[in-house]
2 protein chains.
Amino acid sequence: MARQEQYEELAKQLSSVAAVRRDLARLLPPDCSPASVILLALLRQYGEMRMSRLAELLAIDMSVTSRHVAYCAARGWLDRQPDPADRRSRLLRLSPDGEELLGQVSVRYTQALAACLKDWSDDDVGTLIDLLARLRASFGDCRARTPHQSAAGADCHAPAPQLPAQ
Amino acid sequence: MARQEQYEELAKQLSSVAAVRRDLARLLPPDCSPASVILLALLRQYGEMRMSRLAELLAIDMSVTSRHVAYCAARGWLDRQPDPADRRSRLLRLSPDGEELLGQVSVRYTQALAACLKDWSDDDVGTLIDLLARLRASFGDCRARTPHQSAAGADCHAPAPQLPAQ
DNA sequence: TATTGTTATACTCTATAACTATA
DNA sequence: TATAGTTATAGAGTATAACAATA
């Protein structure tokens, strides 16, 4: 396959991953959104952090992160402590309830994935994980060099071709 | 990595793919949604089809598909012809304007991916594409066997589409 | 009566902009 | 003045349910 065909196919496959993500989301408890799970999982993995760092890890705007964090805090899944170094910030930390929630989600995810991927080899699953992590890293690097709305963002953002706009 | 850890990690990586998809979506012309692109690309790949088949390929509800199709039809990107075999249905077909739109999108996607993935080997890109296609197929099979809610459309689900893997 | 497709409504997630509190 | 975070608003995407037309 030529490189350009590869890119088109990759873009298509990335789009269809959304369906898989929706399937996984259906497994969650009613008041637990997918966003909550990702957020809490990041807190478990990286430990205490500020809002801005969390937004960066999630690759979403801080305003959105703020709402997700408030949602989780209201349910006791995370704690917010004042940051002694900067009183504008609060340090976010996974709570025991949050840990328990992650445990329950893990059980559901694992059962579903075990059922759907039972004919996958460990190597294949591992390779997919590695490549997805690398994909995200490559895009993250690219995004870091070219802020979204900047007019000078030439690396990732193609110049706009003429369109039959409407 | 133990199988259960693999599954947790996979679920996490799948979530972060959303950020990559958002980045790609930012490349699109203002009136062209990501949903339109996927829809039109499926019409180009599989040719003329009915709404129900398209919804199945997209793995989204037919009501949603109907809206996306209407949006594309209003912009002349696809044609809807009466189905001679069943007057309840219309046959959807990519229009010349739709083909041109896909071509422009392809240019933008390719440029962006070429910039972000310039240090990836062809083999790695190909492996990622294959594994994503296989992942979607595995989930499609699983979904077909275990309908989400109750007896909505239990046994009338056609088997998951065979992916072209190219 | 069942099925194809459409429309109305509600919910989730995200981005932009305006705002506050602090640096 | 600049930055961290919050809130209001708007837009895109999807699911459910009610409906129309046809099988």
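Just so it is clear: chains get the letters A, B, ... in the order the sequence lines come, proteins before strands, and each one is counted from 1.
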(request) Mind running side chain to side chain contact (heavy atoms under 4.5 Å, CB included) on D31(A) and Y71(A) for me, showing each step along the way? (result) CA-CA 10 Å; D31(A) 64 340; Y71(A) 184 91; 3.8 Å; yes
(message) Counting the atoms with a prime plus P, OP1 and OP2 as sugar-phosphate, which does R80(B) contact under 4.0 Å by heavy atoms, base, sugar-phosphate, or nothing?
(response) sugar-phosphate
(request) Answer yes or no: is there an ion pair linking R75(A) with D97(A), defined by an N-O contact shorter than 4.0 Å? (result) no
(message) Can a side-chain donor-acceptor contact be found between D61(A) and S63(A) if the only test is distance below 3.5 angstrom?
(response) yes
(message) Is it the case that over 12 heavy atoms from other parts of the model lie below 6.0 angstrom from the CZ atom of R134(A)?
(response) yes
(request) With heavy atoms under 4.0 Å as the rule, sort D86(A) into base, sugar-phosphate or nothing. (result) sugar-phosphate
(message) Rounded to whole Å, please give me the gap between CE in M62(A) and P in dT7(D).
(response) 13 Å
Pull out every protein N or O sitting under 3.5 Å from an N or O of nucleotides 10-14 of chain C, one pair per line with the distance.
unit_1  : atom_1 : unit_2 : atom_2 : d
dT14(C) : OP2    : H68(A) : NE2    : 2.8

(request) Indicate, with a heavy-atom threshold strictly under 4.0 Å, whether M51(A) touches base, sugar-phosphate, or nothing. (result) sugar-phosphate
(request) Verify the distance criterion only: is there a donor paired with an acceptor across the side chains of W120(A) and S138(B) at less than 3.5 Å? (result) yes
(request) May I have the distance from E56(B) (atom CD) to dT14(D) (atom P), rounded to whole angstrom? (result) 16 Å
(message) Looking at every non-hydrogen atom in both residues, tell me the closest pair between V37(B) and C32(B) and how far apart they are.
(response) CG2-SG, 3.5 Å
(message) In this structure, how many angstroms lie between the C1' atom of dT6(D) and the CG atom of L92(A), rounded?
(response) 13 Å
(request) For M49(A) and dG5(D), give me the distance from atom CE to atom C1', rounded to whole Å. (result) 16 Å
(message) Would you say S89(B) places a side-chain N or O within less than 4.0 Å of OP1 or OP2 belonging to dT4(C)?
(response) no
(message) Under 4.0 Å between a side-chain nitrogen and a carboxylate oxygen: does that hold for D83(B) and R88(B)?
(response) no
(request) Please report, rounded to the nearest Å, how far the C1' atom of dT3(D) is from the CZ atom of R53(A). (result) 18 Å
(request) Establish, from distance only, whether the side-chain atoms of R3(A) and Y7(A) form a donor-acceptor pair under 3.5 Å. (result) yes
(request) Would you mind reading off the distance between I38(B) atom CD1 and dA12(D) atom C1', rounded to a whole angstrom? (result) 12 Å
What pairs of nitrogen or oxygen atoms, one from the protein and one from nucleotides 19-21 of chain D, lie under 3.5 Å apart?
none

(request) Provide the full list of side chain to side chain donor-acceptor pair (under 3.5 Å) pairs with a residue in residues 105-115 of chain A, sequence neighbours left out, each pair given once. (result) S106(A)-Q4(B), S106(A)-E8(B)
(message) If I take atom CZ in residue R50(B) and atom P in nucleotide dT3(C), what distance separates them, rounded to the nearest angstrom?
(response) 13 Å
(request) Please evaluate the base of dT14(D) for a donor-acceptor partner in the side chain of S63(B) within a cut-off of under 3.5 Å? (result) no
